[in-house]
Amino acid sequence: MLAWYDRHQRVLPWRAREGKAPDPYHVWLSEIMLQQTTVQAVKPYFEGFVACWPTIEDLAKAPLEAVLDRWAGLGYYARARNLHACACKIVADFGGRFPSDEKTLKTLPGIGDYTAGAIAAIAFDKVAAAVDGNVERVISRMRFIDEPLPKAKKAIRAETLALVPDRRAGDFAQSLMDLGATICTVRAPKCGICPWEGVCIAHAKGRMEDLPIKPPKKRKPVRHALAFWLESEGDVLLRRRPAKGLLGGMLEVPSSPWGDEPLDDDAALAHAPNAADWAILEGTVRHTFTHFHFHLKVARAHIRADARPDGLWVPMHDLDGLPTVMRKVAHMVQKQKA
DNA sequence: TAAGCGTGGCA
DNA sequence: TTGCCAAGCTT
């Protein structure tokens, strides 16, 4: 496996260069960003964070709002809140140095079983299992673990830990993930070039794509709301959402409450931030969150600067801090102008 | 244990 | 267009 990794490992911005010691700050930051998120999506965010906050002390000193604004678009915003809390704790309680053992790592906000194992192995070369979705797939196929997830996790973890070598545990952890990402893929795995073809039980049985067995998904309900795009001399009215829950702490375009049924126009307009001359735009912004679909209509109005209601007035050319669903609103408004 | 929590790519 | 799914954690 290590020989395969030496030949085929991916070049990624957070990986240490040949012969260099890994930077625990970079390892941790990348692992948090990579939770449930693709490598391609993470790359620009990782670069942006390191450029803006080169050390964990810099990140700890930053206001939470600045961290959230820079995380905007990456999703799962509790990660950004935990990231900042973790940085503060590392600086305050650990002298700015990451602990190297899994048990202590798991006490830190945003670090669970997988991430603790990944940091211990990759940053400190500790013998530890880092079992993510890739590893679950690779190991359940090779050992033919046909118990459904999440019950299979215990067996998968034990099988993985038994394979971790005494030396280069970090490279081994990354090699499993690279194998899962590039060869042992969800669909159409490339068994013909897999270093484990000869020992993989699922391959021998021709059952690769049946594993791992996952529980059925639930249907997503639809929720509805009307957003209020209020412009004044190049600025738009935004507000910051409550600190926890969906899009917690993120900027948003003010809206009516999000409900199970669409409100009629008059009822929705009663929630507008002021009594301006609102025009409801054609079309609907559609966005899918983790557990529901969202249909958002948009109302638009212009007011003079001296009539601005209280709130956060942001230049329309500076909307980088908006989460994706709100960027879709901005995009729809821009399109209607053209 | 199960539910809440984003987003983008791809079949 | 729709559903599936990716380097999971918290409550």
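Reminder, nothing fancy here: chain letters follow the sequence lines and each chain counts from 1.
- Rounding to whole angstrom units, CG of residue A:Leu108 and C1' of C:dG8 are separated by 16 Å.
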field: Worked verdict on A:His291 versus A:Phe289 for ring pair (Phe, Tyr, Trp, His ring centres under 6.0 Å)
entry: CA-CA 6 Å; A:His291 55 295; A:Phe289 290 101; 7.9 Å; no

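- Between A:Arg97 and A:Glu57 there is no salt bridge, since no side-chain nitrogen of the basic residue lies less than 4.0 Å from a carboxylate oxygen of the acidic one.
- Separating the CD1 atom of A:Ile32 from the P atom of C:dG8 is a distance of 11 Å, rounded to the nearest angstrom.
- The distance from atom OG1 of A:Thr288 to atom NZ of A:Lys220, rounded to the nearest 0.5 Å, is 7.0 Å.
- Here the OG atom belonging to A:Ser175 is positioned 3.5 Å from the CE atom belonging to A:Met1, to the nearest 0.5 angstrom.
- The distance from atom CZ of A:Arg219 to atom C1' of B:dA3 is 18 Å, rounded to the nearest whole Å.
- Protein atom CD of A:Glu209 is 11 Å distant from nucleotide atom P of C:dC5, rounded to whole Å.
- For residues 6-30 of chain A, proximity to DNA chain B is found at no residue, defined as any non-hydrogen atom under 4.0 angstrom from a strand atom.
- Taking a cutoff of 4.0 Å between a charged side-chain nitrogen and a carboxylate oxygen, A:Arg207 and A:Asp146 do not qualify as a salt bridge.
- One interatomic measurement links the two molecules: NZ of A:Lys214 to C1' of C:dG8, which rounds to 11 Å at whole-angstrom precision.
- Sorted by first and then second residue, the side chain to side chain donor-acceptor pair (under 3.5 Å) pairs with a member in residues 63-80 of chain A read A:Thr37-A:Arg79, A:Asp69-A:Arg240; sequence neighbours excluded.
- A heavy-atom distance below 4.0 Å to DNA chain C is reached by these residues of residues 145-181 of chain A, ordered by number: A:Met177.
- Here A:Val11 sits alone; no ILVMFWY side chain lies under 4.5 Å from its own, so it joins no hydrophobic cluster.
- The pair A:Asp125-A:Arg168 does not count as a salt bridge, with every side-chain nitrogen at least 4.0 angstrom from each carboxylate oxygen.
- Between A:Trp14 and A:Val39, some side-chain heavy-atom pair lies under the 4.5 Å cut-off.
- A gap of 22 Å separates the P atoms of B:dG8 and C:dC9, to the nearest Å.
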query: Could you write nucleotides 4-11 of chain B as a row of B, S and -, 5' to 3', where a protein heavy atom under 4.0 Å of any base atom gives B, of only sugar-phosphate atoms gives S, and otherwise -?
result: SBBBS---

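- The phosphate of B:dA3 has OP1 or OP2 within less than 4.0 Å of a side-chain N or O from A:Lys218.
- Rounded to whole Å, atom P of C:dG8 lies 14 Å from atom CD1 of A:Ile119.
- For the side chain to side chain donor-acceptor pair (under 3.5 Å) condition, the pairs that include at least one residue of residues 21-33 of chain A, sequence neighbours left out, are A:Glu31-A:Tyr114.
- Heavy-atom contacts from other residues, nucleotides or ligands closer than 6.0 Å to NZ of A:Lys89 number more than 12.
- Between A:Trp4 and A:His8, the ring planes are tilted. Angles from 30° to 60° get that label.
- Between the NZ atom of A:Lys220 and the C1' atom of C:dT2 there is a distance of 11 Å, rounded to whole Å.
- In this structure, the CG atom of A:Asp113 is 7 Å from the P atom of C:dC9, given to the nearest Å.
- A:Val39 comes within 4.0 angstrom of a nucleotide base, judged by non-hydrogen atoms across all strands.
- The side chain of A:Arg137 contributes an N or O atom lying less than 4.0 Å from OP1 or OP2 of C:dA6.
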